[in-house]
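A short write-up of the structure that comes next.
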There are 2 protein chains.
Amino acid sequence: MNGEDPSPVVSRPTVSSVALLAGVSRQTVSNALNNPQRLQPDTLKKVLATIEETGYVRSAAARQMRTARSGVLAYRLDPVRDGIGGAVLDTFLHALSAEAERRDYRVMLYTADSDDAELRQFSRLAQAQAVDAFILIETHRDDVRYEWLVEHGIPFSVFGRPWSSDSSGHAHGSSPQPAHAWVDVDGASGTAQATSHLLELGHREIAFLGWPKGSETGDERRRGWAETLAQAGVGEDRRDSLDSGQRDGILEGADAARRLLAAGATAFVCASDSLGIGAFSAIQAEGGKAAVVGFDDTPTAAALGLSSIRQPIEKAVSCALGSVFAQLDGASGASSEPSLLLPQLIVRASSRPATGSPA
Amino acid sequence: MNGEDPSPVVSRPTVSSVALLAGVSRQTVSNALNNPQRLQPDTLKKVLATIEETGYVRSAAARQMRTARSGVLAYRLDPVRDGIGGAVLDTFLHALSAEAERRDYRVMLYTADSDDAELRQFSRLAQAQAVDAFILIETHRDDVRYEWLVEHGIPFSVFGRPWSSDSSGHAHGSSPQPAHAWVDVDGASGTAQATSHLLELGHREIAFLGWPKGSETGDERRRGWAETLAQAGVGEDRRDSLDSGQRDGILEGADAARRLLAAGATAFVCASDSLGIGAFSAIQAEGGKAAVVGFDDTPTAAALGLSSIRQPIEKAVSCALGSVFAQLDGASGASSEPSLLLPQLIVRASSRPATGSPA
DNA sequence: ATCGCTCTTTTGATCAATCAAATCCGCGAA
DNA sequence: TTCGCGGATTTGATTGATCAAAAGAGCGAT
């Protein structure tokens with residue numbers, strides 16, 4: 001175990017040192033990695049063998065310097081939020097990192113506590129060519145970030161709709177503001193699926209545990225429920241009495257569920273798994289058999305047997321990256337097709353007849 | 001708004017272009033940023049002004065190439081775990097990112113689903129000089145990662161104890177295996193603080209809601225509770241009947257709490273906030289006034305008024321980075337003092353006499 | 001036998017910064 | 001007046017990989 005020779009400061013292998021060993025020129029080594037089809041099979045094999053043997057890995061810096069590509073995407077990491085609610089973003093980040101790796105890219109984090117600070121980060125990171133593109137989330141009204149990035153010609157993609165303050169508003173004289181690239185999940189479709197599912201199970205008194213009105217995401221989820229119920233002939237008055245908007249949280253969900261159960265609700269569509277878990281446990285505690293569907297399909301929901309609506313995070317990530325890479329590869333403009341993905345209802349015990357199923 | 005001239009492919013400013021503008025040499029520009037004290041105040045001011053004006057930012061790649069430093073730390077991002085439990089790691093990651101930025105460093109993510117895959121990542125990232133050091137978490141018995149990194153001379157620091165399989169075991173003939181750098185939080189101290197606090201409030205029947213035996217972290221937290229109770233004169237039999245070990249989770253915590261309340265418990269020390277929140281809500285539901293202390297001080301606990309034990313994450317991050325930077329700055333060996341940090345009990349409504357406080 | 005064509009491989013130059021060593025400059029001492 | 005000295009500034013060289021263009025090799029057609 002000690003014969004090789006410990007470590008006489010063996011300098012890292014380089015294209016040149018590998019080339020020397022393989023008896024070819026440096027460019028041939030470079031080609032073996034970047035344009036293998038240019039080499040004769042024999043040569044390629046020989047070079048690759050030498051690379052393997054020396055454990056050579058291209059220097060990120062040198063490569064980056066010549067190609068003006070860092071192979072890095074930037075993502076803003078926000079401070080921790082309420083436990084379960086943040087799980088979706090955790091999932092997103094993990095999927096982003098994994099998918100980026102698959103494409104030989106990496107994700108680098110940055111933080112910022114204000115839009116202004118974030119713009120400064122944009123400029124630092126992009127100017128230093130430390131990152132090639134940004135992945136944005138947590139969109140809000142009048143987001144200044146898109147405009148800045150577009151103006152500076154920095155590729156980016158957004159998870160979340162632009163929620164633009166004005167889609168037809170004061171034309172600025174400038175170009176018709178081409179929509180930037182974004183991906184989002186159609187929350188209304190999710191709650192609509194859940195509501196239909198509960199209707200099919202025979203429920204009529206389907207309540208909605210949502211968040212206080214005013215949040216885009218929350219209101220959209222409420223809309224899916226409301227519209228579906230309306231189509232099923234449930235009037236607005238009835239709906240209003242089945243509509244609860246409280247802070248997100250397990251205990252909040254349990255409280256609201258108890259209240260609505262007393263008011264006659266037999267099923268619940270929820271804006272989050274936190275609320276869903278709360279409702280589910282309240283129902284179980286009372287020995288009732290009302291049905292519940294949560295939102296986001298967190299691991300906890302899966303573990304408890306709570307039906308939930310799964311956002312296609314992997315697909316969202318893949319869309320976002322697709323758009324970013326299209327921008328990087330020069331196909332400017334045409335590539336950025338916004339896409340609204342459909343979530344999927346995962347049915348579990350919490351919304352299945354407890355006793356034998358009706359075939 | 002349109003007079004300047006749109007963008008005639010203004011190439012990014014470089015040291016040379018800035019130097020030209022400022023009427024100095026490129027090295028002087030470089031010095032202005034890296035060794036300002038070498039320049040005459042006037043020159044410095046002039047150069048900095050030009051830098052400001054041109055918006056010049058050093059190219060990360062070129063810098064990295066010459067200095068053999070990337071200014072990047074690597075951190076493994078794991079798949080999402082159960083909601084609230086993961087909050088500590090979220091906090092850790094955010095703190096890590098923020099603290100790294102403060103020191104002009106960045107955090108880059110990678111993924112790996114096995115130790116083997118992780119070693120491959122180590123070698124890729126380090127060989128390419130894409131990262132300068134690794135920050136490890138989630139230690140486990142017989143972790144092969146430390147050894148690999150030490151052997152390859154790659155700086156790293158660990159959040160979590162080495163939990164070495166043998167601290168006195170078979171000496172390998174090689175050097176006395178100098179402990180690597182690590183930081184961790186003393187979980188036993190946390191539960192001990194909680195238990196003492198509850199004893200002071202007059203409780204005697206203090207139960208422990210922990211995880212199944214076998215996890216290092218969990219067992220350690222149990223130990224703090226058990227030892228403190230033992231010192232207070234609570235016998236082993238009594239303790240055993242107050243010791244509950246179930247899966248982590250809010251509902252699990254509620255169930256266990258109900259069971260132990262029935263058995264006479266008047267207070268709860270918990271291994272996590274999930275368990276704590278569950279217990280707290282079960283107590284409230286029954287109108288009781290048993291006291292509860294959670295663990296990890298998650299935002300949810302704070303919102304609910306649950307007393308909890310806060311891990312000094314910021315300090316842990318700062319220790320870990322301190323160690324890593326010491327390694328990077330050549331001070332090899334002496335720098336890596338392992339440190340065991342003390343958590344802090346945060347007292348909230350859940351463990352305070354409901355009625356008027358005594359003094 | 002030579003030219004021209006394609007396919008493979010090699011050489012020269014470059015990316016943007018920093019290190020190392022060489023100049024420059026002013027000033028007091030010989 | 002000249003030399004020496006120390007601090008400020010500049011020049012030369014280098015880092016590792018890649019692009020662009022040149023050189024070499026093989027082969028059929030003139």
Side-chain angles (χ1 to χ4, degrees), chain A residues 9-48 50-51 54-71 104 124-130 132 330, chain B residues 9-48 50-51 54-71 104 124-130 132 330:
Chain A
V9 191
V10 270
S11 55
R12 248 167 44 77
T14 68
V15 258
S16 304
S17 76
V18 170
L20 208 61
L21 263 173
V24 296
S25 73
R26 35 179 226 292
Q27 182 62 30
T28 299
V29 175
S30 173
N31 284 335
L33 292 168
N34 302 314
N35 303 85
Q37 79 290 352
R38 283 193 195 160
L39 298 190
Q40 208 143 17
D42 302 352
T43 319
L44 178 58
K45 195 157 56 177
K46 181 175 59 182
V47 175
L48 288 180
T50 314
I51 288 178
T54 55
Y56 167 72
V57 178
R58 303 210 259 328
S59 149
R63 187 175 167 67
Q64 184 173 340
M65 178 139 144
R66 192 72 246 250
T67 61
R69 278 285 162 78
S70 63
D104 269 305
R124 278 172 113 90
L125 292 170
Q127 283 282 343
Q129 299 206 106
D132 292 343
Chain B
V9 192
V10 271
S11 55
R12 251 167 42 77
T14 68
V15 258
S16 304
S17 77
V18 171
L20 207 62
L21 262 173
V24 297
S25 73
R26 36 180 224 295
Q27 183 62 29
T28 300
V29 176
S30 174
N31 284 335
L33 293 168
N34 302 315
N35 303 84
Q37 81 289 352
R38 285 194 194 159
L39 299 189
Q40 209 143 16
D42 303 351
T43 318
L44 178 59
K45 194 157 56 177
K46 182 176 57 181
V47 175
L48 289 180
T50 315
I51 287 177
T54 56
Y56 167 72
V57 178
R58 302 210 261 327
S59 149
R63 186 176 169 66
Q64 185 173 339
M65 178 139 144
R66 193 72 247 251
T67 61
R69 277 285 162 78
S70 62
D104 270 307
R124 277 173 114 88
L125 292 170
Q127 283 283 342
Q129 298 206 108
D132 292 342

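Reminder, nothing fancy here: chain letters follow the sequence lines and each chain counts from 1. Not measured: the values here are computed from a predicted model.
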Restricting both atoms to N or O, compile the protein contacts to nucleotides 12-15 of chain D shorter than 3.5 Å, with distance only.
from, atom 1, to, atom 2, distance (Å)
dG12(D), N7, Arg26(B), NH2, 2.9
dG12(D), O6, Arg26(B), NH2, 2.8
dA13(D), N6, Arg26(B), NH2, 3.0
dT14(D), O2, Arg66(B), NH1, 3.1

Locate the shortest heavy-atom distance separating [X] from [Y]; write the atom from each residue and the value.
| X | Y | result |
| --- | --- | --- |
| Val57(A) | Arg124(B) | CG1-O, 4.0 Å |
| Ala19(A) | Arg26(A) | CB-N, 3.6 Å |
| Leu21(B) | Thr54(B) | CD1-CG2, 3.5 Å |
| Ala32(B) | Val47(B) | CB-CG1, 3.6 Å |

Supply the atom-to-atom distance [X] [atom1] to [Y] [atom2], rounded to the nearest 0.5 angstrom.
| X | Y | atom1 | atom2 | answer |
| --- | --- | --- | --- | --- |
| Gln37(B) | Asn31(B) | CD | CG | 8.5 Å |
| Gln40(B) | Lys45(B) | CD | NZ | 12.0 Å |
| Ile51(B) | Leu33(B) | CD1 | CG | 4.0 Å |
| Thr28(B) | Leu44(B) | OG1 | CG | 10.5 Å |
| Leu39(B) | Lys46(B) | CG | NZ | 10.0 Å |

Between protein and nucleic acid, restricted to nucleotides 22-25 of chain C and to nitrogen or oxygen atoms under 3.5 Å apart, what atom pairs and distances do you find?
none

Could I get a table of every N or O pair under 3.5 Å where one atom is in the protein and the other is in nucleotides 6-9 of chain D?
from, atom 1, to, atom 2, distance (Å)
dA8(D), O3', Gln40(B), OE1, 3.3
dT9(D), OP1, Thr43(B), OG1, 2.4
dT9(D), OP2, Gln40(B), N, 3.0

Identify every side-chain donor-acceptor pair in residues 59-69 of chain A under 3.5 Å, counting partners at least two apart or on other chains, and give the distances.
from, atom 1, to, atom 2, distance (Å)
Ser59(A), OG, Ala61(A), N, 3.3
Ser59(A), OG, Ala62(A), N, 3.1
Arg63(A), NH1, Asn34(A), OD1, 3.4
Gln64(A), NE2, Gln129(A), O, 3.2
Thr67(A), OG1, Arg63(A), O, 2.8
Thr67(A), OG1, Arg69(A), N, 3.3
Arg69(A), NH2, Leu328(A), O, 2.5

Original post:
Distance-only, no hydrogens or angles: does the Ser70(A) side chain make a donor-acceptor pair with backbone N or O of Ala130(A) under 3.5 Å?
Top reply: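 Checked: pair present.
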Original post:
So, does Ser17(A) use its side chain to make a donor-acceptor pair with the main chain of Pro13(A) at under 3.5 Å?
Top reply: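 Side chain of Ser17(A) to backbone of Pro13(A), a donor-acceptor pair under 3.5 Å: no, none is there.
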What is the separation between atom [atom1] on [X] and atom [atom2] on [N], rounded to the nearest whole Å?
| X | N | atom1 | atom2 | value |
| --- | --- | --- | --- | --- |
| Asn35(A) | dT18(D) | CG | C1' | 10 Å |
| Tyr56(B) | dA16(C) | OH | P | 10 Å |
| Arg63(B) | dG16(D) | CZ | C1' | 18 Å |
| Leu20(A) | dT10(C) | CG | C1' | 14 Å |
| Arg12(A) | dG16(D) | CZ | P | 7 Å |

Subject >> Worked verdict on Tyr56(B) versus Thr50(B) for side chain to side chain contact (heavy atoms under 4.5 Å, CB included) >> reply: CA-CA 8 Å; Tyr56(B) 167 72; Thr50(B) 315; over 6 Å; no
Can you find a side chain N or O atom of [X] that sits less than 4.0 Å from OP1 or OP2 on [N]?
| X | N | value |
| --- | --- | --- |
| Thr67(A) | dT18(D) | no |
| Asn34(B) | dT18(C) | yes |
| Arg58(B) | dT18(C) | yes |

Subject >> Five-pair end axes of the helix from dA1(C)-dT30(D) to dA30(C)-dT1(D), angle between them (10°) >> reply: 80°
Original post:
What string of B, S and - do you get for nucleotides 23-28 of chain D, 5' to 3', if B is base contact, S is sugar-phosphate-only contact and - is no contact with any protein heavy atom under 4.0 Å?
Top reply: ------
